[in-house]
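Below is one structure; the comments refer to it alone.
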Amino acid sequence: MHEAIRSNVSLTARNTLGVSSTAEHYYALEKSADLPELLAIATDKCWPVTVLGGGSNVVLGERISGLVIQQASLGISEIERDESSVVLAVAAGENWHQLVEHCLEAGLYGLENLALIPGTVGAAPIQNIGAYGVEVGEFITSVQYRNLDSGQQHVFKRDDCKFGYRDSVFKHRLRDKCMIEVVCLRLSLKFRPRTEYPSLQAFMQQQTLDSPSAKQVFEAVVAIRSSRLPDPTHIPNCGSFFKNPQLGHDDLQLLLQNHPDMPYYDDASTGGYKLAAAWLIEQCGFKQCSAGKVQVHPQHALVVVNPEQASGAEIRKFAGQIVSSVEARFGIALEQEPRNYG
Ligand code: FAD
Ligand code: NAP
């Protein structure tokens, strides 16, 4: 095991922002059973542990000290079936989009709106990945993880995960404290389209698809995303850089007095409202704006792109300028979605 831990390993091709970064020590975890021994070595050597999945929601610094463990465990198995649904247990290193395709081919429904989200299955519960009106937490029945400090395995039921808008217990009480090993999802044997999200609905109307099949919804999501979002393999990025701010009725009314054109949406998760972070950023003049090698994507103000391999520090500095401008103009503190490491 010790010999399989490599030193000074480049993470540049292992993060979708394409930031140049090196792990002091690195291990690709293919077998969950290896984790306890790996953690014991890290404790013995006083190495801090950083968990990495597909690297699509991180901003890495030049050097990550200690041990980077990248989830690479594979396996999908059916663990429960009744007349209307199936529960799959999926290893954390499986690719998320490939899981969505697998389910579609197997006649297991629910995940179509979440097609083409990069990254691993193990990272999906961390921020309760969501798109086009659907969140993964709706399907998760349990999450199995190992505590990085104690080495103990635990199983969290859905309620324990405390899923919210791009949020879960894994970003709070269990932040930096766990390695998710298996995610269990309940999928339906009967397809019910979820096409009420505005851009998806518009696409369906345009294609005159009144009662689309699961494959048609999946293909629609892939088509919309491909036309709107920069592909990180061509233009390095980590998706939305900021969360949409959430606020209550009174704060919204105050803001609308000064900014009557400001878009806002009902926030079903809190009963309050969500603002469009992209609009706030655009209003501050950041769309099509660049600072050195970092840019806001010209078609999508929420996406920071890194076409010229800026460093993590440069990206964080640019993001800080966006946060300061939005705060000065609107009094709103934008929250960064990807995690900073190193
Ligand atoms: P990483 O970036 O490797 O890690 C992210 C965080 O999760 C880190 O803190 C890491 O330590 C932790 N982590 C990862 N795996 C584990 C594990 N097994 N156990 C414990 N902790 C772990 N997100 C959405 O919600 N909706 C979208 O529509 C969406 N679209 C995107 C589009 C693009 C083009 C890109 C680049 C990103 C998009 N994202 C979206 C963000 C990202 O894809 C998701 O957050 C994804 O779940 C991250 O997975 P990952 O494996 O790459 O995680
Ligand atoms: P969009 O439809 O133009 O949406 C832009 C933003 O406005 C999204 O953040 C979305 O919130 C919000 N929004 C729009 N209509 C809404 C409504 N009716 N109710 C509530 N919120 C509404 O699409 P987009 O930017 O191309 O993204 C499409 C979907 O993919 C969105 O769900 C988005 O979250 C997701 N996505 C996420 C990431 C990421 O990295 N997190 C990256 C790309 C795309 P929601 O985010 O709550 O949907």
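Read the numbers this way: they start at 1 and go in the same order the structure lists the ligands and their atoms. These numbers come from the heavy atoms of this one structure, side chains and all, not from hydrogens, waters or symmetry mates.
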How does [X] reach ligand 2, if at all, at less than 4.0 Å between non-hydrogen atoms: by side chain, backbone, both, or neither?
X	result
A131	both
L229	side chain
S240	both

Region of [X] engaging ligand 1 - heavy atom pairs below 4.0 Å:
X	result
N57	both
F241	neither
P118	both
R166	side chain
I126	side chain
T50	neither

For [atom], which of the options [options] provides the nearest non-hydrogen atom?
atom	options	result
atom 48 (O) of ligand 2	Y165, Y264, Y132, Y197	Y197
atom 52 (O) of ligand 1	P125, A115, S56	S56
atom 20 (C) of ligand 2	Y265, W279, Y273	Y265

Any N or O of Q127 closer than 3.5 Å to N or O of ligand 2: no
Euclidean distance, Q205 CD relative to L209 CG, rounded to 0.5 Å: 10.5 Å
K171, NZ: over 12 other non-hydrogen atoms inside 6.0 angstrom: yes
Nearest to [atom], what protein heavy atom do you find, and at what distance?
atom	value
atom 19 (N) of ligand 1	I180 N, 2.7 Å
atom 40 (C) of ligand 1	I117 CG2, 3.8 Å
atom 41 (N) of ligand 2	E337 OE2, 2.9 Å
atom 46 (O) of ligand 2	R166 NH2, 3.2 Å

Which of the atoms of ligand 1 are close to [X], meaning less than 4.0 Å from one of its heavy atoms?
X	result
G119	49 (O), 50 (P), 51 (O), 52 (O)
V58	2 (O), 4 (O)
A131	28 (O)

Those atoms of ligand 2 less than 4.0 Å from some heavy atom in H300: 24 (P), 25 (O), 26 (O)
Proximal ligand 2 atoms for G239, defined as those under 4.0 Å from one of its heavy atoms: 40 (O)
Main-chain N/O of P230 paired with N237 side-chain donor or acceptor, under 3.5 Å: yes
Looking only at distances, can you tell me whether any N or O atom of [X], backbone or side chain, sits closer than 3.5 Å to an N or O atom of ligand 1?
X	value
L52	no
P230	no
N128	no

Parallel, tilted or perpendicular, as decided by the 30° and 60° cut-offs, for the rings of F170 and Y145: perpendicular
Geometric class of the H25/W47 ring pair [parallel <30°, tilted 30-60°, perpendicular >60°]: parallel
With no hydrogens and no angle check, just 3.5 Å: does a side-chain donor-acceptor pair link [X] and [Y]?
X	Y	result
E308	Q295	no
D167	H172	yes
N8	Y26	no

Salt bridge flag under 4.0 Å for residues D231 and R225: no
